There are 2 protein chains.
Amino acid sequence: MTTRSSDTEGVTAESVAPSRREMNKQANRRAMADAAIELVRSRGAGNFTADDVAAAAGVSRRTFFNYFPSPESALAVHIEDFLDNVLPYFHQRPTGEPVVESMLQALTELADPALLERTAELFQLAEDNPQMHRFQLEAWTRAEYKIVDAIDDRLDPADPARQHPLFVPALVGSVFASARAALSEWLRRTGGDLSPASLSGLRELLIAAFGHLRSGFHN
Amino acid sequence: MTTRSSDTEGVTAESVAPSRREMNKQANRRAMADAAIELVRSRGAGNFTADDVAAAAGVSRRTFFNYFPSPESALAVHIEDFLDNVLPYFHQRPTGEPVVESMLQALTELADPALLERTAELFQLAEDNPQMHRFQLEAWTRAEYKIVDAIDDRLDPADPARQHPLFVPALVGSVFASARAALSEWLRRTGGDLSPASLSGLRELLIAAFGHLRSGFHN
DNA sequence: TACACTATGTGCAAGTTTGCACTCAGGGCA
DNA sequence: TGCCCTGAGTGCAAACTTGCACATAGTGTA
């Protein structure tokens, strides 16, 4: 709200009060993403048009296409939301800690349970709809790159993790693969039940998958 | 910033779905007007800046000045709201009915009690603040013109009320004067108390004032 | 008085959204 | 098959919002 354009901020980090313009854009993007997930819930994947999303989000059809290449792609925003929510937890881990620990701890603490729920919901929807599956794969991949960059930015160049160029990408890829495995198994077991109990089970599966990863798969 | 507000239609609204552009503008205008009345409540008249209103409404300071010439003037929107709410009631009166009756009946039925409350609240604020008083006078005057036009549009050219060019303007002016008298007396009696009981009293005063008018002041 | 500070109000350029007119692809139907 | 309709996706100009610079006015202060 406060638009103090003066850059006299004590905090140096990323909390540099975004401009009105940026806020408006994010609000629109969010509105469209929310409208899209609402529509996919009420009508099912593939049963809503770009017009529907735009109208529900309160923007024009043209504006929708300024942001997203297709109605389904708007859902990918929620996957990025998940990341935006987890990254601060990651950044808060002690700097000396091994990267793999920081990452798994951050993911385990999972900021907002509602985000896990939405992620699980989208994962489930992707199973039934090839269109959505493709977009989601793309979103997960973008997420991997984003995390790799975030880790590289944070890591001390002398950190063992940066001694080998494969280390971080392999780690991130492994974490994502483990998460996907957990989601997949959860889906197989529960059929996508989104009740708190079921989601709790998903959380357990995630932790178990991360456990395998952490121990180097020495079962 | 965009809220899908329920556009509380009092009676009939043969509204042709306005364009996205028009909807956005109205949403912004409404947001600023609401922010302004919220600020005048929390900080008092004259104790808030254009920046405050803009920020609270989610628009830039510049946009605020695109709509309103001053922080106070944003409040005038609420007076026009009152009209927009009453006019449909007026249009619904039987066409044969004398205009004075249609008008007083419509005002008496008073669509949304919350609107009467806001109008009374603003009336009260204007007493204390000359700046606001001026803007409000202007708003009431604009409202008079608007109503005169609305009546002329609706009236059969053969209607007695249009036989003399002074008739409608004099009528509308008298109605407004009576309403102001009622508001003024209400304010004197209650000090601007906005409780339901007090507002009910205001309603009685309005009806009484209209009664005088209706009878040609033959007490 | 001179100065700093805050807030109003406006002009202008750049960024964003919108309306509209397309093109293209796919499905239903005579 | 050919036609019609719906929806995706795009280019472009016009409308709207925003950031910024600037002029102006009022207020407190040394």
Side-chain angles (χ1 to χ4, degrees), chain A residues 1-9 16-33 35-36 39-40 43-77 129-132 134-135 138, chain B residues 1-4 16-33 35-36 39-40 43-76 129-132 134-135 138:
Chain A
M1 312 220 145
T2 32
T3 336
R4 56 178 63 242
S5 50
S6 53
D7 47 326
T8 58
E9 289 297 332
V16 197
S19 70
R20 182 82 262 150
R21 212 161 231 154
E22 191 57 30
M23 289 172 83
N24 288 348
K25 285 177 68 172
Q26 289 311 316
N28 274 351
R29 169 177 242 90
R30 179 64 44 100
M32 288 184 259
L39 280 166
V40 88
R43 302 194 195 170
N47 294 122
F48 57 95
T49 72
D51 255 311
D52 297 330
V53 182
V59 301
S60 73
R61 196 180 83 104
R62 192 60 185 83
T63 297
F64 177 85
F65 282 112
N66 284 345
Y67 281 78
F68 305 105
S70 73
E72 294 80 16
S73 59
L75 294 163
V77 169
N129 187 302
Q131 184 88 159
M132 281 198 55
R134 243 175 296 130
F135 278 108
E138 198 190 329
Chain B
M1 95 167 120
T2 342
T3 43
R4 230 139 318 303
V16 187
S19 70
R20 184 81 263 151
R21 207 158 237 158
E22 192 55 31
M23 290 172 83
N24 289 348
K25 286 178 66 174
Q26 288 313 315
N28 274 351
R29 169 176 242 90
R30 180 64 45 98
M32 289 184 259
L39 282 166
V40 88
R43 302 193 194 172
N47 295 124
F48 58 95
T49 71
D51 256 309
D52 297 330
V53 182
V59 301
S60 73
R61 196 181 80 102
R62 192 62 184 83
T63 297
F64 176 85
F65 281 112
N66 285 345
Y67 283 77
F68 305 105
S70 73
E72 293 80 16
S73 59
L75 294 165
N129 187 302
Q131 184 90 160
M132 281 197 56
R134 242 176 297 131
F135 277 108
E138 197 189 330

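Just so we're clear, the structure is a prediction, and the values are computed from it rather than from any experiment. Order of the sequence lines sets the chain letters (A, B, ...), proteins ahead of strands, with each chain counted from 1.
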Q) Is A:T49 touching bases, backbone alone, or none of the nucleic acid, heavy atoms closer than 4.0 Å? A) sugar-phosphate
Q: Establish, with yes or no, whether the OP1 or OP2 oxygen of D:dC16 is under 4.0 angstrom from a side-chain nitrogen or oxygen of B:N24.
A: no
Q: For DNA chain C, determine which residues of residues 64-73 of chain A have any heavy atom closer than 4.0 angstrom to one of its atoms, and list them numerically.
A: A:N66, A:Y67
(Q) Under the rule for side-chain hydrogen bond (donor to acceptor under 3.5 Å, both in side chains), what residues qualify as partners of B:R30, not counting sequence neighbours? (A) B:D81
Q: Round to the nearest Å and state the distance from B:R62 atom CZ to D:dA23 atom C1'.
A: 14 Å
(Q) Going by the rule salt bridge (charged side-chain N to carboxylate O under 4.0 Å, His left out), which residues pair with B:R43 if we only count those two or more places apart in sequence or in a different chain? (A) B:D52
Q | Start and end of the DNA chain C segment that chain B contacts, any atom under 4.0 Å from a heavy atom | A | C:dA7 to C:dG19
(Q) Using whole Å, what does the distance between atom P of nucleotide D:dC20 and atom CG of B:D51 come to? (A) 13 Å
Q.
Under the rule for salt bridge (charged side-chain N to carboxylate O under 4.0 Å, His left out), what residues qualify as partners of B:R62, not counting sequence neighbours?
A. none
Q. Closest heavy-atom contact between A:A36 and A:F48?
A. O-CZ, 4.3 Å
Q) Can you name the side-chain contact (heavy atoms from CB on, under 4.5 Å) partners of A:D51, sequence neighbours left out? A) A:T49, A:R61
Q) If each of A:E22 and B:E22 is mapped to the nucleotide of DNA chain D with the nearest heavy atom, which maps nearer the 5' terminus, i.e. the 5' end? A) B:E22
Q: Please report the closest heavy-atom contact between B:A74 and B:M32, naming both atoms and the distance.
A: CB-O, 4.4 Å
Q.
What is the separation between atom CE on B:M23 and atom C1' on D:dA15, rounded to the nearest whole Å?
A. 17 Å
(Q) What is the distance, to the nearest angstrom, from the NZ atom on B:K25 to the C1' atom on D:dA14? (A) 13 Å
**Q.** Results of ring-ring contact (aromatic ring centres under 6.0 Å, His included) for A:F64 - residues two or more places apart only
**A.** A:F68
Q.
Looking at every non-hydrogen atom in both residues, tell me the closest pair between A:L75 and A:V40 and how far apart they are.
A. CD1-CG2, 4.3 Å
